[in-house]
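The structure under discussion appears below in the form of structure tokens.
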2 protein chains.
Amino acid sequence: MSRSVKKDTLLKVAESLFYEHGFRGVGLKQIINEANVATMTLYNHFSSKENLIEEVLKQREERYWSYLDAHVEMESDSPFILAAEAHGRFLKEESYKGCMFLRAIEDYGEMDNNIEKIARGHKQKLLEYFQQLAHRKGKNNEKDLANQFTLLLEGTTSMTPLIGAEKATEYSIAMARTLVQHTS
Amino acid sequence: MSRSVKKDTLLKVAESLFYEHGFRGVGLKQIINEANVATMTLYNHFSSKENLIEEVLKQREERYWSYLDAHVEMESDSPFILAAEAHGRFLKEESYKGCMFLRAIEDYGEMDNNIEKIARGHKQKLLEYFQQLAHRKGKNNEKDLANQFTLLLEGTTSMTPLIGAEKATEYSIAMARTLVQHTS
DNA sequence: CTTAAAGTAGAAAGATCGTTCTATATAACT
DNA sequence: AGTTATATAGAACGATCTTTCTACTTTAAG
């Protein structure tokens with residue numbers, strides 16, 4: 001077996017609990033109980049709580065990208081709309097409490113740890129991805145467009161706890177359409 | 001003296017620390033130390049940590065509204081742009097780590113406490129405020145417009161930790177202009 | 001079948017948390 | 001001057017946190 005099933009369970013349970021109650025709001029005991037695992041099993045797979053959080057973030061990031069990769073045709077004539085739809089799908093299926101990466105930056109920022117680096121890295125990659133999209137569409141102001149579109153997606157995520165993922169996504173797609181049409 | 005200076009110091013210090021490190025990331029000891037106050041002084045003014053958080057949120061909400069009230073002329077022909085500018089001013093002067101109210105909802109949500117109620121109440125009031133703005137502008141789809149504009153502001157707040165308040169506000173105003181022009 | 005790896009339960013250490021308590025000091029007001 | 005409200009420092013409580021430890025059991029591959 002290339003990878004322990006216990007480790008996978010731990011990651012899954014940890015991500016769910018961390019997302020629902022925050023990193024600092026969940027103790028390892030809770031994770032261990034819900035994963036039906038012994039304390040030392042956790043510490044055999046992860047060197048510390050911080051390390052567990054790091055791997056949870058990496059796992060979530062991978063899954064986020066799989067949503068984008070699956071739905072965004074880069075050569076399409078509306079890749080931004082496709083990205084907004086993919087983002088909405090992710091929210092609908094896995095998010096209802098805002099962005100876990102922003103939360104990691106807020107909770108562990110400016111402390112020189114890997115947690116913040118991973119979270120910021122994800123956002124950076126996202127921005128660059130959208131810059132590519134803008135570039136392929138022949139837009140000259142790639143950075144501005146990428147930033148604006150990211151702002152739209154972050155707004156969508158933030159709105160899910162308030163109005164739900166479906167409506168938030170609806171709005172962001174409507175706005176994205178308007179913006180793509182009327183932006184140089 | 002209508003209100004203790006110690007209480008004000010506590011609220012100020014608590015808001016700053018809670019905002020920077022999260023509610024669960026800050027202990028009362030830290031707040032007490034930085035406020036140069038005795039333990040019992042805190043407990044004489046606030047019945048618990050939860051209660052302190054509640055009052056911090058109320059204080060912050062008041063200050064947020066004072067930004068809107070000061071800069072938004074409801075009768076103006078572009079109240080939404082003014083609101084976006086006021087929001088940007090608040091971010092620039094008091095925020096660099098996302099929205100404290102969303103964070104409160106995330107951290108204490110679904111636990112039936114006052115913290116969540118206050119935070120959700122603030123967001124609800126904001127939505128209704130923007131609905132009024134849309135109504136005065138003679139828009140028929142008030143709710144949609146208010147939701148979309150709120151999404152824009154939330155996106156702006158979320159982006160501040162990534163690109164700073166100035167740029168984020170710039171983008172949101174640019175987008176707001178485009179949207180106001182091209183939305184029924 | 002054996003052996004090494006992986007998992008088990010649970011206690012324990014050491015730190016920190018929110019909260020309460022005690023006992024004292026300061027300041028303002030009648 | 002005396003009373004009252006507000007502040008003080010710091011010990012103490014019980015709970016919980018992360019991490020480590022011990023000693024036992026299961027699992028899986030050679």
Side-chain angles (χ1 to χ4, degrees), chain A residues 1-57 103-104 106-109 111-116 118, chain B residues 1-57 103-104 106-109 111-116 118:
Chain A
M1 203 180 328
S2 66
R3 210 193 190 198
S4 164
V5 57
K6 298 278 177 183
K7 182 169 185 176
D8 284 341
T9 309
L10 275 167
L11 279 170
K12 199 178 146 193
V13 168
E15 181 179 339
S16 162
L17 286 176
F18 282 147
Y19 184 66
E20 181 146 24
H21 302 107
F23 302 108
R24 290 216 156 85
V26 178
L28 296 183
K29 193 158 214 167
Q30 206 181 339
I31 294 172
I32 283 160
N33 285 342
E34 281 198 37
N36 271 105
V37 143
T39 310
M40 277 315 292
T41 304
L42 188 151
Y43 275 94
N44 282 332
H45 288 297
F46 308 96
S47 61
S48 64
K49 186 182 184 181
E50 261 200 36
N51 177 245
L52 173 60
I53 295 174
E54 289 163 23
E55 299 219 18
V56 162
L57 288 176
R103 209 156 166 195
E106 290 163 10
D107 280 2
Y108 296 96
M111 285 172 53
D112 192 39
N113 52 35
N114 279 328
I115 295 175
E116 187 190 10
I118 291 169
Chain B
M1 204 181 327
S2 66
R3 211 196 191 195
S4 164
V5 58
K6 298 278 178 184
K7 181 169 186 177
D8 285 340
T9 309
L10 275 167
L11 279 171
K12 199 177 146 194
V13 168
E15 181 179 339
S16 161
L17 287 176
F18 282 147
Y19 184 65
E20 180 146 24
H21 302 107
F23 303 108
R24 291 216 154 86
V26 178
L28 296 184
K29 192 158 214 169
Q30 205 181 339
I31 294 172
I32 285 161
N33 285 342
E34 280 199 35
N36 272 103
V37 144
T39 310
M40 279 316 293
T41 304
L42 189 151
Y43 275 95
N44 282 333
H45 288 298
F46 308 96
S47 61
S48 62
K49 186 182 183 180
E50 260 199 36
N51 177 245
L52 173 60
I53 295 174
E54 289 163 23
E55 299 221 18
V56 162
L57 288 177
R103 210 156 165 196
E106 289 164 10
D107 280 4
Y108 295 96
M111 284 172 53
D112 192 38
N113 51 36
N114 278 329
I115 295 174
E116 187 190 9
I118 292 169

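Letters A, B, ... are given to chains in the order of the sequence lines, protein chains preceding strands, and every chain is numbered from 1.
- With rounding to whole Å, R24(B) atom CZ is found 10 Å from dG18(C) atom P.
- A 4.5 Å side-chain heavy-atom check between N114(B) and E50(B) finds every atom pair outside the cut-off.
- Geometrically, R24(A) does not engage F23(B) in a cation-pi contact, judged by NZ or CZ lying under 6.0 Å from the ring centre and within 45° of the ring axis.
- Distance, L42(A) CG to dG10(C) P: 17 Å, rounded to whole Å.
- Side-chain contact check for L10(B) versus V37(B): some heavy-atom pair is nearer than 4.5 Å.
- Atom pair K29(A):NZ and dC17(C):C1' shows a separation of 16 Å (rounding to whole Å applied).
- Looking only at side-chain heavy atoms (C-beta outward), Y19(A) and V56(A) stay at 4.5 Å or farther from each other.
- Contacts of T39(A) with the nucleic acid, taken as non-hydrogen atoms under 4.0 Å apart, include base atoms.
- Rounded to an integer number of Å, the gap from CG of D8(A) to C1' of dA6(C) is 15 Å.
- Rounded to an integer number of Å, the gap from E50(B) CD to dT19(C) P is 8 Å.
- If you check dG18(C), dT8(D), dG10(C) against the side chain of M40(A), the one that comes closest is dG10(C).
- Relative to the side chain of K6(A), the nucleotides dT8(C), dT8(D), dG18(C) differ in distance, and dT8(C) lies closest.
- When distances run from any side-chain atom of S4(A) to the nucleotides dT20(D), dG7(C), dG18(C), the shortest one goes to dG7(C).
- In this structure, N51(B) reaches neither bases nor backbone, as no heavy-atom distance under 4.0 Å exists between it and the strands shown.
- Regarding I32(B), its CD1 atom lies at a distance of 12 Å from the C1' atom of dT8(D), rounded to whole Å.
- Between H45(B) and E55(B), every side-chain heavy-atom pair lies at or beyond the 4.5 Å cut-off.
- Of the candidates dC21(C), dT20(D), dT18(D), the closest approach to any side-chain atom of K49(A) belongs to dT18(D).
- Ranking dG18(C), dT19(D), dG7(C) by closeness to the Y43(A) side chain, first place goes to dT19(D).
- Put simply, H45(A) has no side-chain N or O that comes within less than 4.0 Å of OP1 or OP2 on dA6(C).
- Note: CZ (F46(B)) to P (dA7(D)) measures 11 Å, nearest angstrom.
- The CG-P distance, from L28(A) to dT19(D), rounds to 6 Å in whole Å.
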